[in-house]
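Just so you know, residue 1 is the first one in the sequence shown, and it goes up from there.
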Amino acid sequence: MRLALDEARRALSSGEVPVGAVLVRDGQVLARGYNGPVAQSDPTAHAEIVVMRAGARRLNNYRLTGTTLYVTIEPCVMCMGALIHARVERLVYGAADPRVGAAGTVFDLACDSRLNHRFEVKSGVFETECRSIIQEFFRSRRGK
């Protein structure tokens with residue numbers, strides 16, 4: 001999660017919403033990245049998607065079985081859909097997203113028995129740090 005926080009800080013430096021993510025398999029970092037919708041003019045360039053795309057290219061496989069995705073903020077519905085389709089094994093996130101969180105806060109897609117893949121979710125890892133960086137970003141934006 002420390003690496004994901006480093007990526008969130010990179011997003012912050014770039015003027016993006018500070019969300020960072022890291023994809024790991026067998027203790028090896030496959031990919032790391034951060035939010036990029038503004039810079040990439042791409043509404044799907046959330047940190048989770050950026051990292052899963054890079055991990056899939058590295059593995060030469062769209063299935064990311066056996067992987068853990070670390071992300072600073074609870075994923076949205078789009079990102080959770082991608083985790084399901086990629087067959088990610090485990091999600092670890094820092095702070096809940098009370099507005100659009102889809103890993104247990106607003107929706108719980110990781111455990112929905114109607115879907116064809118379910119996976120483990122661990123929340124609250126470095127929660128204070130993860131929440132703080134995003135809250136400060138939005139406070140500064142509202143102040144301008």
Give the minimum heavy-atom separation between [X] and [Y], together with the two atoms involved.
{"X": "Ala103", "Y": "Asp108", "answer": "C-OD1, 3.9 Å"}
{"X": "Pro43", "Y": "Pro37", "answer": "CA-CB, 4.4 Å"}
{"X": "Gly33", "Y": "Glu7", "answer": "O-CB, 3.2 Å"}
{"X": "Val22", "Y": "Ala4", "answer": "CG2-N, 3.5 Å"}
{"X": "Ala102", "Y": "Glu74", "answer": "N-OE2, 3.4 Å"}
{"X": "Glu120", "Y": "Arg90", "answer": "OE2-NE, 3.2 Å"}

Decide yes or no on side chain to side chain contact (heavy atoms under 4.5 Å, CB included) for Tyr34 and Asp6, but give the supporting numbers first. CA-CA 9 Å; Tyr34 56 89; Asp6 289 344; over 6 Å; no

N/O donor-acceptor pair under 3.5 Å between [X] side chain and [Y] backbone:
{"X": "Asp112", "Y": "Arg114", "answer": "yes"}
{"X": "Arg58", "Y": "Leu30", "answer": "yes"}
{"X": "Asp97", "Y": "Ile73", "answer": "no"}
{"X": "Thr72", "Y": "Gly20", "answer": "yes"}

Is it true that [X] and [Y] fall in one hydrophobic cluster, defined by side-chain heavy atoms closer than 4.5 Å?
{"X": "Tyr70", "Y": "Leu3", "value": "yes"}
{"X": "Leu115", "Y": "Leu91", "value": "yes"}
{"X": "Tyr62", "Y": "Leu83", "value": "no"}
{"X": "Val88", "Y": "Val77", "value": "yes"}
{"X": "Phe137", "Y": "Val100", "value": "no"}

Out of curiosity, [X] [atom1] to [Y] [atom2], how far, rounded to the nearest 0.5 Å?
{"X": "Arg118", "Y": "Arg87", "atom1": "CZ", "atom2": "CZ", "result": "10.5 Å"}
{"X": "Cys76", "Y": "Arg99", "atom1": "SG", "atom2": "CZ", "result": "13.5 Å"}
{"X": "His117", "Y": "Leu109", "atom1": "NE2", "atom2": "CG", "result": "12.0 Å"}

More than 12 heavy atoms of other groups within 6.0 Å of [X] [atom1]:
{"X": "Phe126", "atom1": "CZ", "value": "yes"}
{"X": "Arg2", "atom1": "CZ", "value": "no"}
{"X": "His85", "atom1": "NE2", "value": "no"}

Residue pair Leu59, Arg25: steps toward the side chain to side chain contact (heavy atoms under 4.5 Å, CB included) verdict: CA-CA 11 Å; Leu59 296 173; Arg25 184 165 78 178; 3.2 Å; yes

Which donor-acceptor pairs under 3.5 Å do side chains of residues 47-54 form with protein atoms, sequence neighbours excluded?
unit_1	atom_1	unit_2	atom_2	d
Arg53	NH2	Thr44	OG1	3.2

Test Phe119 against Ile84 for side chain to side chain contact (heavy atoms under 4.5 Å, CB included), laying out the working first. CA-CA 8 Å; Phe119 52 92; Ile84 290 164; 3.8 Å; yes

Trace of the side chain to side chain contact (heavy atoms under 4.5 Å, CB included) decision for Leu5 with Arg9: CA-CA 6 Å; Leu5 277 163; Arg9 289 183 195 95; 3.7 Å; yes

